[in-house]
Amino acid sequence: MKPTRIDLRHFRYALAVADAGGFRAAAELLNIAQPAISKAVKDTETDLGFRIFDRGTQTVIPTDEGRAFLEDARQVLAMFERVIRASRRNTEGICGHIIVGYSALATSRQISDGLDRFHRAVPGVQVEMHVMSTDNMLRSLKSGQIDLGFLLSHSSVGTTDVDQIPVWSSRIGVVAPKGEVPQTLDDLREARFILGVRENWRSWRALLDTACQDTGFEPNVVEEAWDVQVILQRVAERRGVTLYPMSAAPSMPAALELAPVEGFLQDATISIAWHTKADTNLLRSFRDHLS
């Protein structure tokens, strides 16, 4: 039997190509030189005896055999991640460890209150929180890098083997310098907007697209930023306004105000998501105390 050169890095590289939709995008995602990823995938295909991807001029699409391999590879990586984490927990004497991703939009007190309830009911469990985009959470749930995610619910958000249940909703309001929030839809139509870069805020921007279309206007987007803190800073500098769930009002910087606008009635819903094939009693208990 011919010895195989496949290792877990090859699994990660192939999955990154599939998730990112191409070798260049995967290289940027992993911060690794593109030739290294291309060679690893090619070597893996040679060892497997079939092509994982059909390489077109503009797109990279998994073959039928490749889809089956990628699904198995994802499960292997997820299991490996959990084995490593469990081993570290045992060494550190921790009786439980949950890694949770959350959207920057999920700033409601309900996360904090739910965590307090969970810790009282199940003491000694370490909960590790990481802010992530919704798309990154979905990938990380499937790869086993996180156990649960608080993500924005939207018709565009979903993937196989990941379940989600809504935990709360909040009306979308407008963030502006204190005392300068647009009061009417006409004011909103005339406003300049600062929004998250669509690449990182895909589901949020899709929700806002629908909300604005339903209200009958197209926002005048003058700036985009990757990070929410940059967005809020630019709003504080009076470069424009932004849209955000009203649940974040108590945590707004003192110089800013988050308020509803009459006639703009769209809600943002946050769901808790998990990988169906990696569910445990501990994760179910966590969800019960958060939902």
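All values below come from the heavy atoms of this structure, side chains included, with hydrogens, waters and symmetry mates left out.
A donor-acceptor contact shorter than 3.5 Å links the side chain of R171 to the backbone of F264. Looking only at distances, no side-chain donor or acceptor of E223 sits under 3.5 Å from a matching main-chain atom of I194. When atom types are taken as modelled, the side chain of S103 and the backbone of L105 share a donor-acceptor pair closer than 3.5 angstrom. Of the possible polar contacts, none joining the N220 side chain to the R192 backbone as a donor-acceptor pair under 3.5 Å is found. Looking only at distances, no side-chain donor or acceptor of S285 sits under 3.5 Å from a matching main-chain atom of N281. Within the 3.5 Å criterion, the main-chain N or O of E45 finds no donor-acceptor partner in the side chain of R51. Looking only at distances, no side-chain donor or acceptor of S140 sits under 3.5 Å from a matching main-chain atom of Q145. A donor-acceptor pair is defined here as one N or O able to donate and one able to accept, closer than 3.5 Å; such a pair exists between the side chain of W201 and the backbone of W226.
Counting heavy atoms from C-beta outward, R239 and V222 have side chains that stay 4.5 Å or more apart. Looking at M252 and E257, their side chains never come closer than 4.5 Å, going by heavy atoms from C-beta outward. At a threshold of 4.5 Å between non-hydrogen side-chain atoms, the residues Q266 and L243 do not count as touching. The shortest distance between side-chain heavy atoms of D187 and V261 does not fall below 4.5 Å. Taking the side chain as every heavy atom from C-beta outward, L208 and I172 approach each other to under 4.5 Å. Contact of the D72 side chain with the F11 side chain is not registered, since no non-hydrogen atoms from C-beta on lie closer than 4.5 Å. Using a 4.5 Å heavy-atom threshold, the side chains of E71 and D161 count as touching.
Using a cutoff of 4.0 Å between basic side-chain nitrogens and carboxylate oxygens, E237 and R234 are scored as salt-bridged. R117 has no carboxylate O lying under 4.0 Å from a charged side-chain N of D113, or vice versa, which leaves the two without a salt bridge.
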Should I32 and R9 be marked as a side-chain contact (heavy atoms from CB on, under 4.5 Å) after you check the CA-CA gap, both sets of side-chain angles, and the distance that decides it? CA-CA 12 Å; I32 295 172; R9 287 177 302 171; over 6 Å; no
Before giving the answer on side-chain contact (heavy atoms from CB on, under 4.5 Å), spell out for Y244 and I231 the whole-Å C-alpha distance, their side-chain angles and the decisive distance to 0.1 Å. CA-CA 11 Å; Y244 218 70; I231 295 172; over 6 Å; no
Test side-chain contact (heavy atoms from CB on, under 4.5 Å) applied to F286 and V100, step by step: CA-CA 10 Å; F286 185 91; V100 179; 4.0 Å; yes
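With hydrophobic clusters built from ILVMFWY side chains whose heavy atoms lie under 4.5 angstrom apart, V197 does not share a cluster with M132. L282 and M129 fall within the same hydrophobic cluster, defined by Ile, Leu, Val, Met, Phe, Trp and Tyr side-chain heavy atoms under 4.5 Å apart, directly or through other members. Hydrophobic clustering, with ILVMFWY side chains joined whenever heavy atoms are under 4.5 angstrom apart, groups F50 together with V41. Linking Ile, Leu, Val, Met, Phe, Trp and Tyr whenever their side-chain heavy atoms come within less than 4.5 Å leaves L265 and L258 in two separate clusters.
Listed by first and then second residue, the salt bridge (charged side-chain N to carboxylate O under 4.0 Å, His left out) pairs that reach into residues 280-291 are D279-R284, D279-R287, sequence neighbours excluded.
The distance between the ring centers of Y13 and F23 does not fall below 6.0 angstrom.
Between S153 and T269, the side chains place no donor N or O within less than 3.5 Å of an acceptor N or O (distance only, hydrogens not considered).
Of the inter-residue distances, the one linking D19 atom CG with N136 atom CG reads 9.5 Å to the nearest 0.5 angstrom.
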